[in-house]
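Bear in mind that the values here come from a model prediction, so they are computed numbers and not experimental data.
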Amino acid sequence: MFIESLNCTLHMQEEERPDLSALINAAVGDAKGWFHAQKAYLILSASEAAGRLAGTIVVWVIVALLAAGVVMMLTVSFALWLGQLLDSYALGFLSAGGLLLLITLLFYFLLMKKISDGITLTIVNSAQDDEAEV
């Protein structure tokens with residue numbers, strides 16, 4: 001009687017044990033799901049950062065083109081005004097060109113590093129994820 005009871009208890013314990021292969025298969029399935037979710041998250045994060053970066057670059061290019069147009073119009077009108085004062089439009093355009101060359105050289109040697117660093121910082125900040133990691 002005792003042996004039958006012990007046999008019955010052992011038999012019940014074997015039936016209650018989970019199958020090791022089923023447990024491993026479930027773990028592998030969960031790992032694959034996690035891997036695919038991480039892959040999708042990384043692709044989404046990269047595309048979001050690339051989109052923000054492209055948007056920032058497009059805005060800066062448009063602003064630069066508009067500023068160049070304004071500078072061109074101001075330079076032409078300044079050259080025409082100087083040409084009227086000097087009674088020679090050629091001297092007016094030459095003087096305006098010389099003034100632009102002087103401003104360009106001052107800009108390059110005095111402000112180029114600061115502006116370059118500012119643009120780099122803006123682009124890097126636009127590529128960073130603003131959301132906190134969960």
Side-chain angles (χ1 to χ4, degrees):
M1 181 75 143
F2 177 72
I3 293 179
E4 286 178 23
S5 173
L6 186 59
N7 248 352
C8 186
T9 305
L10 287 174
H11 186 62
M12 287 175 56
Q13 286 179 352
E14 287 178 7
E15 288 179 8
E16 292 176 6
R17 281 189 186 169
D19 187 20
L20 187 58
S21 65
L23 184 63
I24 290 175
N25 285 338
V28 168
D30 288 345
K32 284 181 182 178
W34 179 84
F35 175 75
H36 290 299
Q38 287 298 324
K39 180 181 169 186
Y41 174 74
L42 287 175
I43 290 171
L44 182 63
S45 295
S47 63
E48 179 187 7
R52 272 194 269 137
L53 181 65
T56 302
I57 289 173
V58 167
V59 167
W60 280 105
V61 166
I62 290 172
V63 167
L65 287 173
L66 291 173
V70 168
V71 168
M72 183 185 73
M73 293 297 164
L74 289 175
T75 303
V76 168
S77 62
F78 179 66
L80 290 173
W81 180 72
L82 276 178
Q84 280 182 343
L85 288 179
L86 299 173
D87 289 329
S88 171
Y89 287 116
L91 285 178
F93 275 92
L94 181 65
S95 300
L99 183 64
L100 275 180
L101 178 65
L102 179 66
I103 290 172
T104 302
L105 291 174
L106 286 172
F107 172 80
Y108 181 77
F109 288 114
L110 297 178
L111 299 175
M112 190 64 167
K113 181 70 174 160
K114 289 181 183 179
I115 291 175
S116 175
D117 290 345
I119 291 172
T120 302
L121 184 63
T122 301
I123 290 173
V124 168
N125 284 340
S126 71
Q128 294 300 313
D129 191 10
D130 295 335
E131 297 178 16
E133 291 293 321
V134 177

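- Among residues two or more places apart in sequence or in another chain, the side-chain contact (heavy atoms from CB on, under 4.5 Å) test is passed with Phe107 by Leu111, Met112, Ile115.
- Cluster annotation: Ile103 is connected to Trp81 through the hydrophobic network of ILVMFWY side chains, with a link wherever side-chain heavy atoms come within less than 4.5 Å.
- Residues Ser77 and Leu74 share a closest heavy-atom pair of OG-O, 2.9 Å.
- Screening residues 104-115 for salt bridge (Lys or Arg N to Asp or Glu O under 4.0 Å), with sequence neighbours left out, gives Lys113-Asp117.
- Nearest heavy-atom pair, Leu86 versus Gly92, reported as atom, atom and distance to 0.1 Å: CD1-N, 4.4 Å.
- Interatomic distance, Leu42 CG to Gln38 CD, rounded to the nearest 0.5 Å: 6.0 Å.
- Atom-to-atom distance recorded for Ile57:CD1 and Ile62:CD1 is 12.5 Å, nearest 0.5 angstrom.
- Cluster membership for Phe109 and Leu102, using ILVMFWY side-chain heavy atoms within less than 4.5 angstrom, is shared.
- Under the side chain to side chain contact (heavy atoms under 4.5 Å, CB included) test applied with Tyr89, the options Leu80, Leu82, Leu94 reduce to a single match, Leu80.
- Hydrophobic clustering (side-chain heavy atoms under 4.5 Å, transitive across Ile, Leu, Val, Met, Phe, Trp, Tyr) groups Tyr108 together with Leu105.
- When all heavy atoms are compared, the tightest approach of Leu99 to Phe78 is CD2-CE2, 3.7 Å.
- The hydrophobic clustering, which links ILVMFWY residues whose side-chain heavy atoms are closer than 4.5 Å, places Leu53 and Leu121 apart.
- The closest side-chain heavy-atom distance from Val70 to Leu66 is not below 4.5 Å.
- Residue pairs meeting the salt bridge (Lys or Arg N to Asp or Glu O under 4.0 Å) criterion with at least one partner in residues 25-44, sequence neighbours excluded, are absent.
- Taken from CG in Leu65 to CH2 in Trp60, the straight-line distance is 13.0 Å, to the nearest 0.5 Å.
- A distance of 6.0 Å separates CG of Leu100 from OG1 of Thr104, quoted to the nearest 0.5 Å.
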